[in-house]
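The structure appears below as structure tokens.
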Amino acid sequence: MRILQLSKETKNNILEDLLKRSPNSYGAFEERVADIIDTVREKGDEAIFSYTRQFDGADISADDIVVTKEEIEEAYENVDPTLLTVIRKALVNIREYHEKQRQYSWFDSKDNGIILGQKVTPLQRVGVYVPGGKAVYPSSVLMNVVPAKVAGVDEIIMTTPPGKDGKICASTLVAATEAGVDRIYKVGGAQAIAALAFGTASVPKVDKIVGPGNIYVALAKKAVFGHVSIDSIAGPSEILVLADETADPRFVAADLLSQAEHDEMASAILVTTSRSLAEQVSEEVDRFVAKLSRKEIIQKSLDNYGYILVAGSEEEAIETANDIASEHLEIVMKDPFTVMTKIRNAGAIFLGTYSSEPLGDYFAGPNHVLPTNGTAKFFSALSVDDFIKKSSIISYSREALEPIYKDIVQFAECEQLTAHANSIRVRFED
């Protein structure tokens, strides 16, 4: 990996480079995505079946677009029993973590007849998109479905592209069933997002769409936002490791590569106060890449968006981490908890030598659906909050309104909204 001395210019160049990975930079695909969405909106099932044949090579119809009970039973027979045990263990951790995020309605009443409050209501129907094809991500199924279940969503439906044989990967089906998905549809890509957003004869319209996907899926979610809610427009995966001379270079190298293997646009950055550690990590990276199965993807990712930055001080390193606002941030330093208190921007923070990023991806419990491309400056991890809505509750008695009604009238007339003023005044005409 390239080693650079950290400077203001170096940091600005890297930030500019990283932003090129954002789905917002892929305007060339938007026209094609818009065409798919318009066609699905106009032709419904006919369009999604046609696109499934075109893009996935599968002949799907209204008769078999929904995964059957028999297909799920077959998936349980084919999945590795050990993997099923791991899925169930992970589910316990994920569920317990998200149950702590649950929110409740509240009301505050006063003696004069004022009642104010907030009513928390789960979304009625949510669509979860799960990638297919070469990628198989049962962990993503768990992370997107569990917070919706904990929130109390009435109906969770899932869409995922089928293989050429019209089947869905066994581990994906098992994870969805264990997590509590109500129905699973064999459709993927931008056409699936359009179907969820607008509904077809076979696929119901949802209130919100969550889940990762390729650039077509990301741009489709962006295009339908407003017709439905979405979780986020996810960019490529990224990791930033903050480390000092106490870090194990072999561990740090392994953690950087855990994200670089996702795809050629993934980002892996080490910011360290130790030039010696920087050089050792670079050497360890080369050793690992030579023997890892996805070495071509990893190498391209490192060539494009891999950096080792040597900072002049711990303060400079922390400032850089906050400026980059990485999806995953590992702190492998002498006192990681103190450093953590100085971190303002990160999707998920992993503290200490044995808290490597894949722990969060699969098992620990916190959600692995995280803000990317610097959006950790204003977005959070997927949570129970994403599957609820809040309604304000206002109730005043005459006794409570009378002392302040003239204040409201004055405010309304200041804004020249006489009907607003009249709505209040008319109650006290006598």
Side-chain angles (χ1 to χ4, degrees), residues 4-8 10-12 14-15 18-19 93-94 96-103 143 147 232 235 237-249 251-256 258-259 267-278 281 307-386:
L4 303 174
Q5 184 65 42
L6 184 57
S7 67
K8 186 174 182 179
T10 301
K11 182 170 64 177
N12 289 341
I14 290 172
L15 287 170
L18 293 176
L19 284 175
N93 295 339
I94 297 167
E96 286 181 351
Y97 180 87
H98 286 85
E99 281 174 348
K100 292 178 173 64
Q101 299 175 337
R102 189 183 279 129
Q103 295 199 39
M143 293 294 183
S232 64
S237 188
E238 54 199 32
I239 185 171
L240 188 148
V241 179
L242 269 179
D244 59 18
E245 72 282 354
T246 65
D248 186 312
F251 292 175
V252 171
D255 293 355
L256 291 169
S258 72
Q259 294 309 290
S267 166
I269 299 173
L270 166 63
V271 182
T272 180
T273 51
S274 168
R275 167 69 66 168
S276 174
L277 179 74
V281 168
Y307 302 93
I308 297 176
L309 305 176
V310 181
S313 67
E314 183 177 292
E315 290 70 26
E316 186 182 32
I318 292 170
E319 180 185 355
T320 300
N322 280 323
D323 287 341
I324 293 175
S326 186
E327 177 188 18
H328 306 101
L329 172 65
E330 288 188 10
I331 304 176
V332 193
M333 304 181 84
K334 199 176 303 179
D335 187 358
F337 285 90
T338 297
V339 173
M340 179 267 293
T341 65
K342 301 174 184 177
I343 296 298
R344 179 178 292 271
N345 306 319
I349 304 173
F350 300 78
L351 303 175
T353 300
Y354 292 96
S355 305
S356 65
E357 189 280 335
L359 178 65
D361 271 353
Y362 298 115
F363 206 77
N367 210 286
H368 78 197
V369 180
L370 302 166
T372 58
N373 278 107
T375 59
K377 291 179 179 177
F378 44 84
F379 281 143
S380 306
L382 190 74
S383 72
V384 171
D385 289 353
D386 287 285

Working for side-chain hydrogen bond (donor to acceptor under 3.5 Å, both in side chains), residues Gln101 and Asp385: CA-CA 8 Å; Gln101 299 175 337; Asp385 289 353; over 6 Å; no

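- Going from atom CG of Leu329 over to atom CD1 of Ile349 covers 6.0 Å, rounded to the nearest 0.5 Å.
- Within 6.0 Å of the OH atom in Tyr362, the count of heavy atoms belonging to other residues, nucleotides or ligands does not exceed 12.
- Within a 6.0 Å sphere centred on CZ of Arg344, heavy atoms belonging to other residues, nucleotides or ligands number 12 at most.
- At least one donor-acceptor pair closer than 3.5 Å links the side chain of Thr372 to the backbone N or O of Gly235.
- Side-chain contact between Leu240 and His328: absent, with no pair of heavy atoms (C-beta onward) separated by less than 4.5 Å.
- Side-chain atoms of Thr246 and Lys334, non-hydrogen and from C-beta on, do get closer than 4.5 Å to each other.
- A side chain to side chain contact (heavy atoms under 4.5 Å, CB included) with Leu6 holds for exactly one of Thr272, Thr320, Val310; it is Thr320.
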Candidate pair Ser237 and Gln259, rule side-chain hydrogen bond (donor to acceptor under 3.5 Å, both in side chains), full reasoning: CA-CA 6 Å; Ser237 188; Gln259 294 309 290; 2.3 Å; yes

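- Summarising the geometry, atom CZ belonging to Phe251 is positioned 7.0 Å from atom OG1 belonging to Thr353; distances are rounded to the nearest 0.5 Å.
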Intermediate values then yes/no, side-chain contact (heavy atoms from CB on, under 4.5 Å), Leu277 and Asp244: CA-CA 7 Å; Leu277 179 74; Asp244 59 18; over 6 Å; no

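- Between Ala325 and Ala376 the shortest heavy-atom distance is O-CB, 3.7 Å.
- The minimum heavy-atom distance between Ala381 and Asp386, with the atom names listed, is O-OD2, 3.9 Å.
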side-chain contact (heavy atoms from CB on, under 4.5 Å) between Val384 and Gln103, intermediate numbers included: CA-CA 8 Å; Val384 171; Gln103 295 199 39; over 6 Å; no

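- Rounded to the nearest 0.5 angstrom, Ile269 CD1 and Leu18 CG are separated by 4.5 Å.
- Counting non-hydrogen atoms of other residues, nucleotides and ligands closer than 6.0 Å to OH of Tyr354 gives a total of 12 or fewer.
- Among all heavy-atom pairs drawn from Tyr97 and Asn367, the shortest one is CE2-N, 4.5 Å.
- No donor-acceptor distance shorter than 3.5 angstrom exists from the side chain of Asn93 to the backbone of Pro366, with no hydrogens or angles considered.
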Test side-chain hydrogen bond (donor to acceptor under 3.5 Å, both in side chains) applied to Thr375 and Asn373, step by step: CA-CA 6 Å; Thr375 59; Asn373 278 107; over 6 Å; no

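- Taking CG from Asn12 and NZ from Lys8, the interatomic distance works out to 6.5 Å, rounded to the nearest 0.5 Å.
- Put simply, the side chain of Val241 does not reach to within 4.5 Å of the side chain of Val271, judged on heavy atoms.
- Residue Leu242 comes nearest to Met333 through the heavy atom pair O-CG, 3.6 Å, listed as atom of the first residue, atom of the second, then distance.
- Atom NZ of Lys377 sits in a crowded spot, with more than 12 heavy atoms from other residues, nucleotides or ligands closer than 6.0 Å.
- Residues Ser258 and Pro358 are in side-chain contact: their nearest non-hydrogen atoms beyond the backbone lie under 4.5 Å apart.
- Contact of the Ile239 side chain with the Glu330 side chain is registered, since non-hydrogen atoms from C-beta on lie closer than 4.5 Å.
- With a 4.5 Å cut-off on side-chain heavy atoms, Ile14 and Tyr307 count as touching.
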Trace of the side-chain contact (heavy atoms from CB on, under 4.5 Å) decision for Ile94 with Met143: CA-CA 7 Å; Ile94 297 167; Met143 293 294 183; 3.9 Å; yes

Evaluation steps, side-chain hydrogen bond (donor to acceptor under 3.5 Å, both in side chains), between Thr338 and Thr341: CA-CA 5 Å; Thr338 297; Thr341 65; 5.8 Å; no

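- Side-chain contact check for Ile318 versus Ile343: some heavy-atom pair is nearer than 4.5 Å.
- Judged purely by atom type and a 3.5 angstrom limit, Asp255 has no side-chain atom pairing as donor or acceptor with the backbone of Ser356.
- Residue Leu351 comes nearest to Pro336 through the heavy atom pair CD2-O, 3.8 Å, listed as atom of the first residue, atom of the second, then distance.
- Residues Val281 and Val252 meet the side-chain proximity criterion, which asks for heavy atoms closer than 4.5 Å.
- In this structure, CD in Glu319 is found 4.0 Å from NZ in Lys11, a value given to the nearest 0.5 Å.
- Between the CZ atom in Phe379 and the CD atom in Glu327 there is a gap of 14.0 Å [rounded to 0.5 Å].
- Residues Thr273 and Glu245 approach most closely at OG1-OE1, 4.3 Å, considering heavy atoms.
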